[in-house]
Number of protein chains: 2
Amino acid sequence: MKPRSRRGGGRPTIADVARKAGVGAITVSRALREPERVSPELREQIARAVDALGYVPDRNARALASARADVIGVLVPSLTNNVFAEVVRGIYDGLGDTHLQVQLGNTHYSGLEEERLLQVFLSQKPSALIVSGIDQTPAARALLESAGCPVVQIMEIGPDPVDMMIGFSHLEGGRAVTRHMIEAGYRKVGFIGARMDPRSQRRLAGYRAAMEAAGLYDVRLVTTTTTPSSVSLGQELFRDALAKVPTLDAVFCNNDDLALGVLFEANRAALAIPSKVGIAGFNDLDMMHVAFPSITSVRTPRYEIGRQAIAMARAAIAGKRPADLVVDTGFELMARESTARHPDGRRPPAP
Amino acid sequence: MKPRSRRGGGRPTIADVARKAGVGAITVSRALREPERVSPELREQIARAVDALGYVPDRNARALASARADVIGVLVPSLTNNVFAEVVRGIYDGLGDTHLQVQLGNTHYSGLEEERLLQVFLSQKPSALIVSGIDQTPAARALLESAGCPVVQIMEIGPDPVDMMIGFSHLEGGRAVTRHMIEAGYRKVGFIGARMDPRSQRRLAGYRAAMEAAGLYDVRLVTTTTTPSSVSLGQELFRDALAKVPTLDAVFCNNDDLALGVLFEANRAALAIPSKVGIAGFNDLDMMHVAFPSITSVRTPRYEIGRQAIAMARAAIAGKRPADLVVDTGFELMARESTARHPDGRRPPAP
DNA sequence: CCGACAATTGGTAGCGCTACCATCCCTCTG
DNA sequence: CAGAGGGATGGTAGCGCTACCAATTGTCGG
């Protein structure tokens with residue numbers, strides 16, 4: 001019986017290549033996926049046929065037949081947030097020239113959306129999954145645990161990995177900057193936070209721990225909102241914080257965008273930095289060291305986290321599970337002009 | 001003959017659902033894709049079976065059988081550049097709750113990489129393609145023309161669309177800001193550009209056109225590099241520009257990151273803005289209106305371009321090709337404090 | 001010199017779904 | 001009341017590829 005006319009628009013198939021090269025279809029398949037299992041002569045012959053016909057394997061057929069797509073599903077809460085943009089860049093760069101593809105999903109910081117996307121991703125049988133954070137819903141966690149592929153949780157570390165994990169402690173990050181500001185002589189150190197996703201919450205917890213340890217904690221110093229972060233929001237929240245506590249002498253911002261907004265607002269209100277008010281951010285975007293004055297921040301290795309997450313996933317796909325399933329990348333406090341106030345004539349503590 | 005044991009890990013298939021619902025497999029398929037072609041009773045019955053079994057269609061099988069994947073391929077030159085991050089956000093938002101998925105590719109501003117990714121994307125038979133810019137290589141263009149699916153070129157418009165197009169004229173954008181600065185009384189208006197991709201080149205062309213029209217053009221006013229843009233690079237290039245032309249009285253920056261770097265450097269060097277030096281950026285990121293002083297920029301509808309590109313692609317997929325295949329979104333000049341210098345006692349021209 | 005064994009190649013039978021066409025049943029027309 | 005026409009449903013045959021196993025060849029130790 002005559003086969004029905006090609007639906008796919010006449011693109012050559014593996015059978016065409018096999019015919020042209022005078023070999024079996026399966027050998028062509030092997031030559032493309034595991035060249036070392038095919039003799040050099042045939043390999044060469046097949047390569048010529050592939051070039052001549054302009055053959056490109058059909059990923060859909062391949063995925064169906066092998067019950068595994070060459071796709072790594074990646075779930076991030078935001079694509080415009082520079083932090084995740086950098087993570088994603090690291091992920092793409094970590095792919096190198098593998099045949100793997102990335103399937104990106106944006107959860108918009110919503111656990112339900114994460115569940116939904118996980119369902120969708122799973123329906124493609126991905127080779128691995130990368131998800132952001134450690135606060136999956138129970139349903140999402142169940143999906144991850146029965147995913148049947150390597151899973152990497154990124155950006156944070158916690159006690160109970162689904163599989164693998166790479167990130168750092170946001171609580172310790174928050175604690176470190178806050179402590180630094182206290183040591184610089186600031187007493188009324190405020191916290192300004194937008195979005196307040198779980199990672200922000202933990203930065204706040206670190207702030208609170210440091211403030212309480214110094215006997216300086218006061219709820220009224222904390223100004224947060226669930227509104228998405230932006231530079232202009234930093235400006236607004238700083239105004240709010242000052243209105244609540246006019247004696248505020250420093251602010252630790254949730255992230256660098258807010259810190260920049262605070263800087264501009266302080267400039268506008270003619271509040272001298274760092275003498276009148278100290279400013280610190282989080283993530284250490286490029287602009288922080290260029291700003292005038294330069295802004296203290298916590299450098300987070302987000303690009304590296306993306307790269308390494310892929311490296312871990314690739315190792316696991318290849319069956320070589322890394323020795324360390326949980327990797328703490330740490331962070332680095334970048335103390336700069338915006339918090340360089342010397343307390344009561346004392347020199348700041350040596351590093 | 002007994003079928004080989006399930007490779008897919010025992011997930012239910014359409015046949016399982018059909019059996020459970022007491023209907024044919026094809027009816028299940030239809031109930032899921034074109035519910036209106038199935039009677040309400042069966043639809044209901046099938047829905048129950050789907051829920052009971054937790055059935056999720058296999059995208060790979062679906063794509064193979066229908067020779068069409070529910071995927072829209074999107075090629076952007078960068079993921080960290082806020083502009084494209086916003087475009088991508090618009091694209092994801094434009095998807096709504098369709099079953100469509102986005103496949104994102106990062107060309108790193110390379111035509112060759114664009115070709116390679118196009119090959120890869122085409123091997124999945126995407127439902128549509130969205131590509132950035134209008135400067136595809138001949139090979140990439142050929143691939144697009146024979147893609148057999150709707151194609152949307154975004155961010156720019158030009159005379160020769162592959163299929164559909166949505167964007168604005170970067171040349172006109174550059175011309176508009178430059179003219180604005182000249183009208184504000186600046187004479188030695190410099191151009192600072194990083195990356196210098198085709199769109200930047202056209203902004204420069206617009207700058208040049210405006211400067212020449214005013215008899216002010218001088219090559220030495222132009223400072224560019226192919227290095228990727230950043231705030232710190234803005235700082236450096238501004239220093240370079242001043243070293244070349246110490247009488248420089250304004251700069252039009254390629255983009256807002258550079259403009260921010262210039263602002264900080266001007267602050268640092270105690271050059272008053274806007275009296276001593278005027279500053280303008282491009283794209284109008286949120287921070288531009290918050291900055292102190294606020295910075296003049298050109299607002300570009302990048303989020304909207306992403307949304308509309310998807311809308312156009314969806315219409316075309318559904319067979320309803322939009323009336324306007326080429327959409328000019330325009331742009332908006334946002335004149336702010338950073339260029340508010342009154343020329344020689346004259347009031348600035350009314351808007 | 002023979003059987004064992006590895007290396008290389010090929011045939012067959014699906015993977016899970018949908019395009020195509022056939023069938024069935026109902027309603028409507030003349 | 002026969003026949004036409006249309007809507008709903010189902011069967012069959014692949015989509016292009018790979019898993020599994022069989023077949024063939026060459027190599028080696030005993």
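In what follows, chains carry the letters A, B, and so on, assigned in the order in which the sequence lines appear, proteins first and then strands, with residues in each chain numbered from 1. Values below: every heavy atom of this structure, side chains too, minus hydrogens, waters and symmetry copies. Here the structure is a predicted model, which is why all the values come from computation and not from measurement.
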Could you tell me whether the side chains of [X] and [Y] share a donor-acceptor contact shorter than 3.5 Å?
{"X": "A:Thr329", "Y": "A:Glu304", "result": "no"}
{"X": "B:Ser66", "Y": "B:Arg62", "result": "no"}
{"X": "A:Glu115", "Y": "A:Thr137", "result": "yes"}

Any donor-acceptor N/O pair under 3.5 Å between D:dG16 base and A:Arg11 side chain
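No, no donor-acceptor pair under 3.5 Å.
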
Quick one: is C:dT9 close enough that its OP1 or OP2 comes under 4.0 Å of any side-chain N or O from A:Thr27?
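So the side-chain polar atoms of A:Thr27 never come under 4.0 Å of the phosphate oxygens OP1 or OP2 of C:dT9.
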
Using OP1 and OP2 only, check whether a side-chain N or O of A:Ser39 sits under 4.0 Å from C:dT9.
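Yes.
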
Is there a side chain to side chain donor-acceptor pair (under 3.5 Å) between B:Gln153 and B:Gln136 once you walk through the steps?
CA-CA 10 Å; B:Gln153 290 165 290; B:Gln136 282 73 34; 3.0 Å; yes

Side-chain touch A:Val131/A:Ile154, heavy atoms, less than 4.5 angstrom
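Answer no - side chains too far apart.
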
Spacing between [X] atom [atom1] and [N] atom [atom2], to the nearest angstrom:
{"X": "B:Arg62", "N": "C:dG16", "atom1": "CZ", "atom2": "C1'", "result": "11 Å"}
{"X": "B:Glu41", "N": "C:dC26", "atom1": "CD", "atom2": "P", "result": "13 Å"}
{"X": "A:Asn60", "N": "D:dC17", "atom1": "CG", "atom2": "C1'", "result": "11 Å"}
{"X": "B:Gln124", "N": "D:dG16", "atom1": "CD", "atom2": "C1'", "result": "15 Å"}
{"X": "B:Glu34", "N": "D:dT9", "atom1": "CD", "atom2": "P", "result": "13 Å"}

Picking from [options], which would you name as closest to the side chain of [X]?
{"X": "B:Tyr55", "options": "C:dT9, D:dC17, C:dC17", "answer": "C:dC17"}
{"X": "B:Thr13", "options": "D:dT9, C:dT9, C:dC17", "answer": "C:dC17"}
{"X": "B:Arg33", "options": "C:dT18, D:dG16, C:dT9", "answer": "C:dT18"}
{"X": "A:Ala65", "options": "C:dT8, D:dC15, D:dT18", "answer": "D:dT18"}
{"X": "A:Ala61", "options": "C:dC17, D:dG11, D:dC17", "answer": "D:dC17"}
{"X": "A:Asp58", "options": "C:dT9, C:dG16, D:dC17", "answer": "D:dC17"}
{"X": "A:Val38", "options": "D:dA8, C:dT9, D:dG16", "answer": "C:dT9"}
{"X": "B:Leu64", "options": "D:dG10, C:dT9, D:dG16", "answer": "D:dG16"}
{"X": "B:Ile26", "options": "C:dG10, D:dG11, C:dC17", "answer": "D:dG11"}

